[in-house]
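My questions all concern the structure below.
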Amino acid sequence: TSSVEISQSTGIPQHFLVAARGIGLTLSPAFFGKGIGRVVWSGESQSGFATACLLRMICELMVPRASSIPTYYACYFGIGVSMALLDLCA
């Protein structure tokens, strides 16, 4: 399911979905940076990477099943957060 299909079926403008993902991608290093730094420097980046993969998988599985607009925003925000975590942990 693409964001274009979701936008057409729900009436949510596509740029709002992309913005929700972008906000998660931008703000998560500020919120989780200290914890991620601890995980990486302790040599446990595999657990952080696995957690980010799990978060992304859950969000991507929820998108086709979501029925409300706030759920779509939360899913796309979660995908953005997981993208940032994957970038920082890898």
Side-chain angles (χ1 to χ4, degrees):
T1 306
S2 69
S3 60
V4 174
E5 293 171 350
I6 293 169
S7 177
Q8 291 174 346
S9 66
T10 61
I12 302 171
Q14 183 183 9
H15 61 279
F16 285 0
L17 296 172
V18 173
R21 187 183 67 202
I23 289 170
L25 184 63
T26 305
L27 295 181
S28 60
F31 291 133
F32 302 117
K34 192 173 188 177
I36 292 170
R38 239 181 283 145
V39 167
V40 171
W41 284 108
S42 70
E44 287 296 321
S45 62
Q46 295 164 342
S47 59
F49 191 82
T51 303
C53 285
L54 180 67
L55 173 65
R56 185 172 179 128
M57 180 191 66
I58 290 170
C59 291
E60 287 178 352
L61 287 173
M62 285 179 57
V63 167
R65 293 162 180 79
S67 59
S68 66
I69 292 174
T71 307
Y72 283 111
Y73 288 139
C75 289
Y76 272 83
F77 180 79
I79 290 170
V81 168
S82 68
M83 288 169 57
L85 294 176
L86 288 170
D87 186 39
L88 294 172
C89 288

Checklist line | Shortest non-hydrogen contact between S82 and A52, atoms and distance | finding: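 That closest heavy-atom pairing would be CB-O, 3.5 Å.
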Next item on the list: Examine L86 and L54 and state if one hydrophobic cluster contains both, with Ile, Leu, Val, Met, Phe, Trp and Tyr joined whenever side-chain heavy atoms are less than 4.5 Å apart.
Entry: no
Note to self: Could you report the tightest heavy-atom contact between Y73 and A20, atom names first, then the distance?
What the structure shows: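 Closest pair (atom of Y73, atom of A20, distance): O-CB, 3.9 Å.
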Notebook entry, point to check: Any link between L25 and I58 through a network of hydrophobic side chains (Ile, Leu, Val, Met, Phe, Trp, Tyr) touching at under 4.5 Å?
Noted result: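 Each belongs to a different hydrophobic cluster.
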Margin query: Check for me, please, whether Y76 and M62 land in the same ILVMFWY cluster - side-chain distances under 4.5 Å, paths through other members count.
Written below: no
Notebook entry, point to check: Short question: side chain of T26, backbone of G22 - any donor-acceptor pair under 3.5 Å?
Noted result: yes
Note to self: Any heavy-atom pair between the side chains of C59 and V63 that's under 4.5 Å?
What the structure shows: no
Checklist line | Hphob cluster co-occupancy, V18 + F77, side-chain heavy atoms under 4.5 angstrom | finding: no
Notebook entry, point to check: Can you tell me if S9 uses its side chain to pair, donor with acceptor, with the backbone of I6 under 3.5 Å?
Noted result: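 Pair found, side chain donor or acceptor close to backbone of I6.
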Notebook entry, point to check: So, do V81 and F31 sit near enough that their side-chain heavy atoms are less than 4.5 Å apart?
Noted result: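 SC-SC contact between V81 and F31 ruled out.
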Item checked: Closest approach of S47 to T51 (non-hydrogen atoms, all atoms of both residues) ->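 Answer, listing the atom of S47 first, then T51: O-OG1, 2.8 Å.
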Check: Which heavy atom of Q14 sits nearest a heavy atom of S7, and at what distance?
Finding: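 So the minimum-distance heavy-atom pair works out to N-OG, 3.3 Å.
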Checklist line | Heavy-atom donor-acceptor pair, Y72 side chain to A66 backbone, under 3.5 Å | finding: yes
